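Have a look at the structure below before the remarks.
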Amino acid sequence: MPKLTIDGVEVEVDPSVTILQAAEQAGSEIPRFCYHDRLSIAGNCRMCLVEVEKSPKPVASCAMPVGEGMVVHTKSEKAVKARNGVMEFLLINHPLDCPICDQGGECDLQDQALAFGNDKGRYVEQKRAVKDKYMGPIVSTIMTRCIHCTRCVRFIDEIGGVAEIGATGRGEDTEITTFLEQSLTSELSGNVVDLCPVGALTNKPYAFTARSWELRKTESVDVMDAVGTNIRVDSRGREVMRVLPRLNEWINEEWLADKSRNACDGLKYQRLDQPYVRRDSKLQPAEWSEAFDAIAEKFNGIAGQKIGALVGDTVDCESTLALKDLMTALGSANLDCRQDGAAIDPSVRASYIFNTTIAGIEEADAILLIGTNPRKEAPILNARIRKRFLAGGVNIGVVGEAADLTYAYDHISDSADALAKIADGSHPFAQVLKDAERPMLVLGMGALTRADGAAILGAGYAIAQSTGMVSGDWNGFNVLHTAAARVGALDVGFVPGGGGKDTQGILEGASSGDIQVVYLLGADEIDTAKLKDAFVIYQGHHGDAGAHVADVILPGAAYTEKNGTYVNTEGRAQLGQRAIFPPGDAREDWAIIRALSERLGKTLPYDSLEQVREKLRETSPGFGHIDDVAITEWEQFGANGSIEASAFTYPVSNYYQTDPISRASRTMAQCTQDFVMGKTEKATGTHG
Amino acid sequence: MSTRNLAKDQPDSFAFTDEHKARIKKIIAKYPEGYQASAVIPLLDLAQRQEGWVTKPAIDVIAELLDMPVIRVLEVATFYTMFNLHPVGECHVQVCTSLSCWLRGSNDVVKAFNDKLGIKFGETTADGTVTLSEVECAGACVNAPVVAVGDEYYEDLTYETMSKLIDDIKAGNTLAPGSAVGRQGAEPEGNRTSLTTDPTQTTPIQDLAVAKQKFEEAQEAARKAKENP
């Protein structure tokens, strides 16, 4: 362990670190543009110059390994002068357009120019001007501002896994561009906006809509996929302006997937902002009391088993619990949260969560992906697998249709029957798993939603057992969900009670007449045609599929408009916070159910969110460990049965539109057009 | 120099000739496995030799051959000015206008093109045979001014000799590369100014002791002459 002195502070650091990292340990912050913790070192901005004694010239600290006995000065006259010179050169070609730049107020260059720059420029020649580049519907470019730090190039190459940005030309003519200005195809492309230290790459949908200092920042949790990415919701007045990632090493590090970042404009369109009641076969605006009256009238005298309830994919746990309690009070056991009909065993928690944890992927040395395309289902989790892949020494196998996952893998089979062979050890990949110290498998919804899903779950259990995936503190059995609400609803127990019907049963029952009332809590991903004859109550925030068939609509709150608990695919309970108020007459969902229960004469025993949460903690221990994963017992689960020899269908065919919010989003519609329909439009010459 | 982009009009396809394919195999084999991307420069050069310039389909083919992202190939192709990203005439004349050539009259060389062919830098003659480019130092400063045509250098040019060369190019004559004033290499024009003695003859070895003695004797004689005039 080399010892070195930085600004008079002696530190002992790992020999693999650079001077810049050592300085951070010693408490000296060194300015930088091109250096980033999670990217490879480029060393091309020269902003991190420091003085090292016995070195003839200032040293780029981000690229210089530490040495025994080094004496480093980060604030000496020589170091400050060197950085001042670098800053002057950077500003030579940087336009002075901060007042109209979206990065203004949160710009590294602006901040560091204030700290290390001159008050006046001495450069009087023509500045360089660069043509803007088209990079797709997510990233807007103003390339004259670019300082060529190449963070975006490295991010897309290393983390995104699709080498699509490059620096063409050289010297003063260097330009950052995609090949022939094609759109970035990475699901993580929005992160280059956060990485850009200047205003060259900016958030396209957010362009020119707000200044960073006028936004109210609310720390929350994303619900666009089951990863539970930590986000910061920036709002102004009653409008969500943008969504940014929040650092969480266990889940998303500091990245955010494109849908989670840019679907927020969907919160403004197609909103249900007042109750509706169907009169004369038309949905007509109504008062809350009228809507409740209509429901009470319908419920009057109806048998409990004729009522069914489904919760959707973005519902918070509090509302799910409230609806479950209401249904139980009404005598109905027809509950389900598995809209896609996934064969999940709700009785064993270890059978439906991502036991390894997302951060745990980095410790795995063999990974088997079954019926899942994590790049589309959970881009953040896929980035973690890629990170593991780049670290080397891991075997990845895929059972399912071959897709570009951004890392190399062993394509075992398209067909599901390969699972039986892996389970009984006759497939060579079984040996790979057995030889691995920390093997893991990921069962996707593409596997569990099949008719033989239960048998596939059983095969997953068999593989986990036969290859030694569960031992000591390691549990390699994982289920990757696609719905943010799923694990939470399973923890709450929103599944058919004794003799109750599941999703399929409720839908069948509704068309046959066995079920007369269906309560949809944000449930849109079902075959709504089957609900025609039933009385449908839709509670949710968007006028999507569920609302179209509803007889009564109760306007709820979207994830940015309520305080709610969400459990991600790892089984990690996290708190989402309200950034703005729901529009119009819409209300927080648990409160709607609580109010309705009173009207129905089955008043639920809680009056505040804290009381609901108290009940949640009683229901499942996971809710007592916010931001943490509760220890889960490993028990037997799954069914024996034959697995059909057919290919898996991945659940997410269009990554950009998977839920009511993203379907209402114009940005996501543009992405769908660009990437899914395969049509790439060129820039029109105007930004945004 | 300015921003280098791919040409707007591009051919539909590109394929290496069989001869080049064989060479590509040899080139790739030079590099360790997994490092075949190192062959990108020689391959771009082969593509340019085949087509005269680097086309987009050629970049696609090379990216495919070397299993590298197409943007990485584009980066290399745009970095090196020696890769022509636009079509050039059969005869691509590259005139050096850096310091040594300029001091020795590269302006006259350029003027010859303007007068004889009516083309300036970056232009091609109407019949598409000759393209004139300005390049930075060609590395032949001793024989300045210099122009490069294909792989050959033409050196020690003046307005007159360049004009004659242009006539030959137009007439389709075989060109004689090298110095226009008959220099074989980088030797001085006319006679040598150094190393003029015959290196085969032994040079007298100076005996320092003898020289010192002679010097002291001369000093002694001078002193005596002073004392006894």
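As the structure is a computational prediction, the values presented were derived from the model and not from experiment. Note on naming: letters A, B, ... go to the chains in the order of the sequence lines (proteins, then strands), and numbering restarts at 1 for each one.
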[X], [atom1]: over 12 other non-hydrogen atoms inside 6.0 angstrom:
{"X": "A/D37", "atom1": "CG", "value": "yes"}
{"X": "B/Y35", "atom1": "OH", "value": "no"}
{"X": "B/K164", "atom1": "NZ", "value": "no"}
{"X": "B/W53", "atom1": "CH2", "value": "yes"}
{"X": "B/D151", "atom1": "CG", "value": "no"}
{"X": "B/D127", "atom1": "CG", "value": "yes"}
{"X": "A/Q126", "atom1": "CD", "value": "no"}
{"X": "A/E401", "atom1": "CD", "value": "no"}

Using a heavy-atom cutoff of under 4.5 Å, enumerate the residues of residues 138-146 of chain B that contact chain A, numbered in order, or state 'none'.
none
Value rounded to 0.5 Å, distance of OG1 in A/T177 from CG in B/N5
8.0 Å
Closest approach of B/L6 and A/L180, non-hydrogen atoms and distance?
CD1-CD2, 3.7 Å
Over all atoms of both residues, closest heavy-atom pair of B/R72 and A/A163:
NH1-CB, 3.6 Å
Steps toward side-chain contact (heavy atoms from CB on, under 4.5 Å) verdict (A/F179, B/I59):
CA-CA 11 Å; A/F179 187 70; B/I59 287 178; 4.2 Å; yes
Any residue meeting side-chain contact (heavy atoms from CB on, under 4.5 Å) with B/K116, in chain and number order, not counting sequence neighbours:
B/S163, B/I166, B/D167
Would a distance-only check, ignoring hydrogens and angles, find a side-chain to backbone donor-acceptor pair under 3.5 Å from A/R170 to B/F79?
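Side chain of A/R170 to backbone of B/F79: a pair is present.
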Check: B/T78 side chain, A/T168 main-chain N or O, donor-acceptor pair, under 3.5 Å:
no
Side chain, backbone, both or neither: which part of A/T178 has a non-hydrogen atom closer than 4.5 Å to chain B?
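Only the backbone of A/T178 comes within 4.5 Å of chain B.
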In terms of heavy-atom proximity below 4.5 Å to chain B, should A/E175 be classed as side chain, backbone, both, or neither?
side chain
